[in-house]
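As structure tokens, the structure follows; a few thoughts come after it.
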Amino acid sequence: MPEDGYGWEKLFSERMCRHFREDFGVAARVARYHNVYGPLGTYDGGREKAPAAISRKVIQALLSGKHEIEIWGDGLQTRSFMYIDDCLKGTQAILNSDILEPLNLGSSEIVTINGLVDIVEDIAGIKLKRSYNLKAPKGVNGRNSDNTLIQKYLGWEPNTRLRDGMEKTYAWIYDQMTKGNRRAEAPKPVLIPT
């Protein structure tokens, strides 16, 4: 039961970009982001993506000695997750292009939520007892990025392996949780003289 307005909001924004280009000559590029994750991201509070939430839950189980994890849904739902470095590279490439149509910007590496838990457990060196909360929000059963157009136009697609990105993400979240910081401080802005 996805939120009804979620998809319409995105489509309406894309349509507005098209009209501003056609009516006012405003150059616009549209990237359709797919599940961005990585260090410095939200990892608790209910708005985090699955890679961060699962990392946090595995770390909590590891630190508490209670080797259990609750998974929302049946764990069979599939997703693709894009590492932040790929997101930045893809965003810059799209912005610097002349491509007028919306492009998906996401990894094509698909994984089940159970598979994502397997990866994080392996990184942490732990095996957890899994319980499945079938009443919790689980989203749609499957979603993945179709990268046909980004490959056609840019000859590139996000290519950081999920395992590699998760190692960095897990390490960062672990550091935050073991330092006693529940949330990382935002990086301080750097002023560059012009």
Side-chain angles (χ1 to χ4, degrees), residues 2-3 6-7 9-15 17-18 27-44 47-59 71-73 75-124 137-176 184 186-187:
E3 182 185 333
Y6 182 73
E9 169 196 355
K10 290 183 175 188
L11 291 173
F12 183 76
S13 297
E14 290 176 9
R15 185 77 182 240
C17 287
R18 190 185 95 198
R29 304 292 177 265
V30 176
R32 293 176 175 163
Y33 297 108
H34 288 252
N35 294 321
V36 181
Y37 75 98
L40 300 178
T42 301
Y43 62 91
D44 67 358
R47 301 296 300 165
E48 65 276 14
K49 300 288 184 192
I54 290 171
S55 293
R56 174 183 40 80
K57 288 179 178 185
V58 169
I59 293 165
I71 298 171
W72 289 8
L76 300 176
Q77 58 273 44
T78 58
R79 297 289 184 275
S80 62
F81 301 99
M82 176 177 48
Y83 189 63
I84 184 64
D85 291 1
D86 285 336
C87 180
L88 296 172
K89 182 177 181 177
T91 299
Q92 289 173 334
I94 291 169
L95 287 173
N96 291 324
S97 76
D98 293 326
I99 302 164
L100 299 179
E101 62 188 292
L103 292 180
N104 288 339
L105 183 51
S107 171
S108 60
E109 180 183 354
I110 194 165
V111 66
T112 64
I113 297 302
N114 280 329
L116 181 60
V117 174
D118 290 340
I119 291 169
V120 178
E121 285 177 333
D122 188 53
I123 292 167
K138 69 171 193 153
V140 297
N141 284 331
R143 181 176 294 135
N144 195 26
S145 182
D146 178 347
N147 290 344
T148 304
L149 288 179
I150 197 166
Q151 289 174 335
K152 174 184 169 185
Y153 289 127
L154 299 177
W156 175 88
E157 69 175 312
N159 56 17
T160 300
R161 284 182 344 131
L162 181 59
R163 168 67 191 228
D164 297 337
M166 287 305 301
E167 287 176 356
K168 295 174 185 174
T169 303
Y170 178 90
W172 181 82
I173 294 172
Y174 184 89
D175 287 347
Q176 300 310 303

Does the [X] side chain pair with the main chain of [Y], one donor and one acceptor, at a distance under 3.5 Å?
| X | Y | value |
| --- | --- | --- |
| D86 | T160 | yes |
| D146 | T148 | yes |
| S107 | E109 | yes |
| S97 | I94 | yes |

If I compare all heavy atoms of [X] with all of [Y], which pair ends up nearest, and what's the gap?
| X | Y | answer |
| --- | --- | --- |
| V36 | K49 | O-CG, 3.7 Å |
| P158 | M82 | CG-SD, 3.8 Å |
| G38 | T169 | CA-OG1, 3.3 Å |
| S80 | N144 | CB-OD1, 2.9 Å |
| H34 | G106 | CB-CA, 3.8 Å |
| D98 | R29 | CA-NH2, 3.7 Å |

Under the criterion side chain to side chain contact (heavy atoms under 4.5 Å, CB included), I'd like the reasoning laid out for D118 against V111: C-alpha separation, chi angles, the key distance, then a yes or no.
CA-CA 10 Å; D118 290 340; V111 66; over 6 Å; no
In terms of side-chain heavy atoms, does T112 have a donor or acceptor partner in N114 at a distance below 3.5 Å?
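Not at all, the side chains of T112 and N114 share no donor-acceptor pair under 3.5 Å.
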Trace of the side chain to side chain contact (heavy atoms under 4.5 Å, CB included) decision for I113 with I54
CA-CA 9 Å; I113 297 302; I54 290 171; 4.0 Å; yes
Does any part of the side chain of [Y], heavy atoms only, come nearer than 4.5 Å to the side chain of [X], both counted from C-beta?
| X | Y | result |
| --- | --- | --- |
| V120 | K57 | no |
| I150 | L105 | yes |
| Y37 | E48 | no |

Rounded distance (nearest 0.5 Å) linking atom [atom1] of [X] with atom [atom2] of [Y]:
| X | Y | atom1 | atom2 | value |
| --- | --- | --- | --- | --- |
| I119 | L162 | CD1 | CG | 4.0 Å |
| I123 | Y170 | CD1 | OH | 8.0 Å |
| K89 | I84 | NZ | CD1 | 14.5 Å |
| R56 | D44 | CZ | CG | 6.0 Å |
| L154 | L103 | CG | CG | 6.5 Å |
| Y83 | N159 | OH | CG | 13.0 Å |

Residues R18, E14; criterion salt bridge (Lys or Arg N to Asp or Glu O under 4.0 Å); working and verdict
CA-CA 6 Å; R18 190 185 95 198; E14 290 176 9; over 6 Å; no
Step by step, would you call L149 with E157 a side chain to side chain contact (heavy atoms under 4.5 Å, CB included)?
CA-CA 9 Å; L149 288 179; E157 69 175 312; over 6 Å; no
Please lay out, stage by stage, how Y33 and T91 fare under the test side chain to side chain contact (heavy atoms under 4.5 Å, CB included).
CA-CA 9 Å; Y33 297 108; T91 299; 2.9 Å; yes
